[in-house]
Structures are given as structure tokens and as C-alpha cells.
Amino acid sequence: MIIIGADYHPGFQQIAFVDTDTGELQERRLEHREEAEKFYRDLAAPGMRVRVGMEASGHARWFERLLSELQFELWIGDAAEIRTKRVRKQKTDRQDAQLILRLLLEDRFPQIWVPSGENRDLRQLLWHRHRMVQARTRIMNQLQAVALNEGLRCKKRLWRDKGREQLESFRLAPWASRRRRDLLELLDHDCRVDAGHRAGGRAVSRGAAVADASWGRFSDGVGLCVDHRESGSVSVWQADRELSGAGAVGGVQRAAETARTHHETRQLCVAFPAGGSGASHSAQRPGMAQ
């Protein structure tokens, strides 16, 4: 069996690996992505068992897919706990790779739970919707500010036909007028996308779209818990609306910071705005969604 400790960076990875049958220890620096892919595919050719350990980090989706395709074991470790096991104050890429390898060999590697590929793709859907709601909220807040500066205070009524006509009727300075026009165009585009999604644009399985805001299923971390209760399909926007009513504070709550999770698990542990797409009706402070 070959055991590899990898200090992963977006542009390269420094590895230290040992063959447990012969005891041979080697170190290499692999550039991403061609050199690293060739190295791991060559290891798979003899049909040997391979285990790779690395810290939880970002920008490694392609690497995880590659190891899964080659049927290699991938262990993701808690970066904070690995840091506490470092004895020397000096820190280099080589020493980091050697430390990860030593923890793997001594069976002290702090492995953490990692969500499945399907679960992580679902998180991209929810995160995308969350960001789109934030963008729309910022646009609407800016238009509300334009209206307030011209003495018009009508809150939600600004987004009705009469309010829109009043907003467009103001005589503004050239660049202020350009800003108003651009913001209105962005808002109209966002509304068209919303309507398209609600009409069925991109559909996902209802079971994968409705998330249960509970943490009991995860022993080593926290995150979204998918509830496969129903069949059928639901649009991106409808999924968000259903998620918004699924639990406290819009369905997703921030978990304890001490929980050990993969980086993407922590990424989506945020409070979604109550009402899901409520920004399409009234503006909110973007910071509230964080």
C-alpha cells in the first residue's frame, strides 16, 4: 500500500509518500494539473492500494474527483488540529507534507466527515440562490435610496407600477440618471430570471431540494440534512421558498464554531433570509443574510 501526505495548494502540491511493502520514502512537488494527474494515474496502473491525506482546503474539487475515479482513499483532515501537532515553529511545504504522512502512518490523522458529491452539488444550488437574493437586495436598496433622495418614500409600493413610474419620472443629473437606468435594467433582468425559474427552468428532485435544518445525522460536523420525503421536481426558486420555511431563521442555522467540518460544510452554515425570495417584494439589509 502507498500512503501519501499531500500539502495541497491551488497551483501545486508537495507530497511525501511511502510504500509500506518496501519502506521506501520519497518526496515530490507536483504542478497542477497535468503533472499531478499523470503521477496519480501512473500509481493506479499497477493496481496498488493508495491512501492520500490532506488538510481541508479549497479549490480541490478536480483533485477529489480524480482520486474518486481512480478509487483511491482520500482522507480530509482538520487543519487546525493538524497545526497543533506540529512541533517545530518553522513551517515549509515539505515539513507540512511530512507531518501529514507521519500522522497517517501513526494512525493519528484527524480525519473529518466530508459530504457526498450529490450533497455538495445541492449546496451549490442553495448558495447560488442565496447570492442572487443578496444581489437583488443591494439593487433594490440603491433604488430606494434614489427615491428617498427625491422625496419619495413608499417602501414596498415602489415596486408596483405606479411607484416605478414615479421613480422613472424624476429628472436627475446625467450620471445619476445613468445609474438609475442601469439599476432598473439589472432588476428587470433578475425578475425575468426569477419568472423563468418558477416556470420550470432548472429542475431538481424535490427530495434533494427540501433540506431539513437538523444536525443530528452528522457525528463529526454540521450542515444541511437532505430529506428525501417526496418525489417529483421543484424549481430552484421554489426550493428556496420551501427551505425558508423548513426551520428556524430561514431553515439553516449557524452551528458551533468548534464543530469539525469540511470547508464547504462550514460555507453553507449561514442564516438564509426569512421568506427566501423576500427581496423581490421589499428590500432588506444585505448583512442580515450573512
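All heavy atoms count here, side chains included; hydrogens, waters and symmetry mates do not.
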Inset, instruction - Verify the neighbour count for atom CG of D161: are there more than 12 heavy atoms of other residues, nucleotides or ligands below 6.0 Å? - result: no

Legend entry - Main-chain N/O of A145 paired with N149 side-chain donor or acceptor, under 3.5 Å: yes

Legend entry - Test side-chain contact (heavy atoms from CB on, under 4.5 Å) applied to L148 - qualifying residues, sequence neighbours left out: R153

Inset, instruction - Please list, chain by chain and in numerical order, all residues satisfying salt bridge (charged side-chain N to carboxylate O under 4.0 Å, His left out) with E106, sequence neighbours excluded. - result: R108

Inset, instruction - Calculate, to the nearest 0.5 Å, the distance between atoms CG and OG1 belonging to L99 and T92 respectively. - result: 10.5 Å

Legend entry - Nearest non-hydrogen partners of A36 and W62, listed with the distance: CB-CH2, 4.1 Å

Inset, instruction - Verify the neighbour count for atom CD of E31: are there more than 12 heavy atoms of other residues, nucleotides or ligands below 6.0 Å? - result: yes

Legend entry - Contact list for residues 36-50, test salt bridge (charged side-chain N to carboxylate O under 4.0 Å, His left out), sequence neighbours left out: R33-E37, E37-R41, K38-D42, R41-E69, R49-E73

Inset, instruction - Kindly give the heavy-atom pair with the smallest separation between S169 and Q166, and that separation in Å. - result: OG-O, 2.7 Å

Inset, instruction - Look at the aromatic rings of H9 and F12 and report parallel, tilted or perpendicular, splitting at 30° and 60°. - result: parallel

Inset, instruction - Decide side chain to side chain donor-acceptor pair (under 3.5 Å) for E27 and Q98; before the verdict, give the C-alpha distance in whole Å, the side-chain angles of both, and the deciding distance to 0.1 Å. - result: CA-CA 9 Å; E27 292 181 304; Q98 292 169 1; 2.5 Å; yes

Inset, instruction - State, with a plain yes or no, whether a side-chain heavy atom of W159 is found less than 4.5 Å away from one of L187. - result: yes

Inset, instruction - Kindly write out the residues that satisfy side chain to side chain donor-acceptor pair (under 3.5 Å) with R86, not counting sequence neighbours, or none if the list is empty. - result: D96

Inset, instruction - May I ask you to test the L167-L184 pair for a side-chain heavy-atom distance under 4.5 Å? - result: yes

Legend entry - Pairing residues for R160 by the salt bridge (charged side-chain N to carboxylate O under 4.0 Å, His left out) criterion, not counting sequence neighbours: none

Legend entry - Side-chain donor-acceptor pair present, Q13, R29, cut-off under 3.5 Å: no

Legend entry - Rounded distance (nearest 0.5 Å) linking atom CG of L183 with atom CD of Q144: 12.0 Å

Inset, instruction - Looking only at non-hydrogen atoms, find the nearest pair between I82 and P110 and report the distance. - result: CG1-CG, 3.5 Å

Inset, instruction - Give the C-alpha distance, both sets of side-chain angles, the deciding distance and a yes or no for side chain to side chain donor-acceptor pair (under 3.5 Å) between R180 and Q142. - result: CA-CA 9 Å; R180 175 185 58 186; Q142 293 180 68; over 6 Å; no

Inset, instruction - Please lay out, stage by stage, how E35 and R28 fare under the test salt bridge (charged side-chain N to carboxylate O under 4.0 Å, His left out). - result: CA-CA 11 Å; E35 185 181 2; R28 286 190 62 177; 3.6 Å; yes

Legend entry - Any residue meeting side chain to side chain donor-acceptor pair (under 3.5 Å) with E34, in chain and number order, not counting sequence neighbours: none

Legend entry - Distance-minimising heavy-atom pair for I15 and A6: CG2-CB, 3.9 Å

Inset, instruction - Identify whether NZ of Lys or CZ of Arg in R51 sits under 6.0 Å from the centre of the six-membered ring of W75 and within 45° of that ring's axis. - result: yes

Legend entry - Residues in side chain to side chain donor-acceptor pair (under 3.5 Å) contact with R65, at least two apart in sequence or another chain: none

Legend entry - CD1 on I76 to CD on E55, rounded to 0.5 Å: 10.0 Å

Inset, instruction - Indicate whether any N or O donor in one side chain lies under 3.5 Å from an N or O acceptor in the other, for E24 and Q26. - result: yes

Legend entry - Smallest separation among heavy atoms of A56 and I112, with atom names: CB-CD1, 4.1 Å

Legend entry - From I139 atom CD1 to H189 atom NE2, the distance as rounded to the nearest 0.5 Å: 9.5 Å

Legend entry - Contacts of type salt bridge (charged side-chain N to carboxylate O under 4.0 Å, His left out), residue D93, not counting sequence neighbours: none

Legend entry - Electrostatic pair E64:R120 at N-O distance under 4.0 angstrom: yes

Legend entry - Hphob cluster co-occupancy, I2 + F109, side-chain heavy atoms under 4.5 angstrom: no

Legend entry - Validation row: P10, H32 side chains within 4.5 angstrom (heavy atoms): no

Legend entry - ring-ring contact (aromatic ring centres under 6.0 Å, His included) partners of F39, counting only residues at least two apart: F17

Inset, instruction - Kindly work out whether a path of hydrophobic side-chain contacts (I/L/V/M/F/W/Y, heavy atoms less than 4.5 Å apart) joins M54 to L103. - result: no

Legend entry - F63: ring-ring contact (aromatic ring centres under 6.0 Å, His included) partners, not counting sequence neighbours: Y8, Y40

Legend entry - With R181 via salt bridge (charged side-chain N to carboxylate O under 4.0 Å, His left out) - residues at least two apart: none

Inset, instruction - Look up atom CE in M132 and atom OG1 in T137, then write down how far apart they are to the nearest 0.5 Å. - result: 11.5 Å

Legend entry - For the student: nearest non-hydrogen atoms of G5 and I100, plus distance: CA-CG2, 3.7 Å

Legend entry - Non-hydrogen side-chain atoms of D188 and R164 separated by less than 4.5 Å: yes

Legend entry - V50 vs I4 side-chain heavy atoms within contact, under 4.5 Å: yes

Inset, instruction - State plainly whether one hydrophobic cluster holds both L25 and V52, where clusters connect Ile, Leu, Val, Met, Phe, Trp and Tyr through side-chain heavy atoms under 4.5 angstrom apart. - result: no

Legend entry - V146 and L172, any side-chain heavy atoms less than 4.5 Å apart: yes

Inset, instruction - Just jot down the side chain to side chain donor-acceptor pair (under 3.5 Å) partners of D182, sequence neighbours excluded, or say none. - result: R178

Legend entry - Connected via hydrophobic side-chain network under 4.5 Å: V18 and L43: no

Legend entry - Rounded distance [0.5 Å steps], CD1 in I3 versus CG in D19: 9.5 Å

Inset, instruction - Flag yes if L152 and L143 sit in one hydrophobic cluster, no otherwise; membership is Ile, Leu, Val, Met, Phe, Trp, Tyr, and two members link when side-chain heavy atoms are under 4.5 Å apart. - result: yes

